[in-house]
Amino acid sequence: MSQRLVFFLFAACVSLAALADYQPKAEKVVDNVYALVGPLGQRSAENDGLNANFGFIVTKQGVILIDSGASRLGAEKIATAIRVVTEQPVRWVINTGSQDHRWLGNDYFAAKGAEIIALDRTAATQAHYTVQHMESLNRFLGERMQGTKPHPATKTPAGDSVTLELGGEALNLAYTDAHFPGDARVWLPKHGVVFSGDLVFVDRLLGVLPWSSVKHGQKAFHALEALKPKHIVPGHGRVCDLAQAKRETGDYYDFLADTIGAAAKDMQPMSEVLNRHAELPAFKHLENFYALHLANMNRAFVEFEATP
Ligand SMILES: [Zn+2]
């Protein structure tokens with residue numbers, strides 16, 4: 001093969017990669033409520049850190065956006081997806097968490113006049129993790145992080161739960177504290193829809209991080225069940241019903257708390273407990289199972305050992 005041909009093929013591949021540049025698309029959940037379902041894999045320059053779910057509600061007085069993406073460019077892609085559905089401006093951005101893809105696009109929407117809203121502990125956790133999240137995103141996204149300015153939520157209601165209303169749409173924001181401290185979920189009672197934030201993961205296994213809490217996750221999932229939602233927009237994975245969320249998240253939190261946590265309280269040797277449960281037929285079909293499950297059990301064990 002001539003050098004010129006090799007170069008041509010290389011250039012063709014590069015432009016194909018540019019064509020594959022990920023653009024989220026809005027899907028209707030119900031009525032005027034939409035979800036943007038991100039890919040299940042890792043953050044990348046191609047997906048601009050949009051490897052999570054977002055959503056929006058079109059009201060008579062503008063758009064309420066749930067979570068703003070991981071960067072300025074990611075926020076622009078979210079804005080593009082919204083514009084396909086409505087000309088209305090984004091009036092409110094609600095953040096359900098402090099993990100990068102929940103809020104690092106805030107500044108883009110704030111500059112266009114949106115009010116940025118999160119419960120006060122969510123906003124405090126955003127500020128707390130800013131440096132760490134910006135550094136790790138710079139590693140994943142490189143120069144595509146250009147122009148991203150951390151902008152923690154500025155309207156920060158106190159209390160464990162708050163109900164807000166815009167354009168005839170009421171939404172209830174309440175803590176879950178599962179994946180990150182200060183995580184929250186959004187409940188739209190009129191539509192029977194929950195935006196769970198990083199409480200619910202489907203299609204892929206949830207991750208228990210060093211700062212996550214299995215106890216809070218179990219409790220928050222049971223509280224979500226009590227709402228009897230008809231549609232759940234999970235933090236990651238496709239839009240689902242309560243039964244699937246229970247099978248793939250709720251039951252897993254129950255397992256971590258009631259089996260692994262109970263063994264920890266019982267002071268059983270950790271390695272034996274982890275070995276005994278390394279294969280779980282109910283969950284091992286989920287993406288990332290073999291990458292996360294052992295560490296998840298390990299962290300659950302330590303959490304229940306420390307505070308039985
Ligand atoms: Zn996430």
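Along the sequence shown, residues carry numbers from 1. Everything numeric here is computed off the predicted structure, so don't read it as measured data. Note that ligands are numbered from 1 as they come in the structure, with each ligand's atoms numbered from 1 the same way.
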Practice problem: Give a yes/no answer: is there an N/O/S atom of Q99 under 2.8 Å from the Zn ion (ligand 1)? | Solution: yes

Quiz item: Does H128 have its ring centroid less than 6.0 Å away from the ring centroid of F180?
Solution: no

Exercise. State, without any angle test, whether H151 and D107 hold a side-chain donor-acceptor pair at a distance under 3.5 Å.
Key: yes

Exercise. Flag H236 as yes if one of its N/O/S atoms falls below 2.8 Å of the Zn ion (ligand 1), otherwise no.
Key: yes

Quiz item: Which angle, to 10 degrees, forms at the Zn ion (ligand 1) with NE2 of H101 on one side and OD1 of D198 on the other?
Solution: 140°

Quiz item: Can you find a heavy atom in the side chain of V214 that is under 4.5 Å from one in the side chain of Y253?
Solution: yes

Exercise. Answer yes if the ring centres of F283 and Y252 are under 6.0 angstrom apart, and no otherwise.
Key: yes

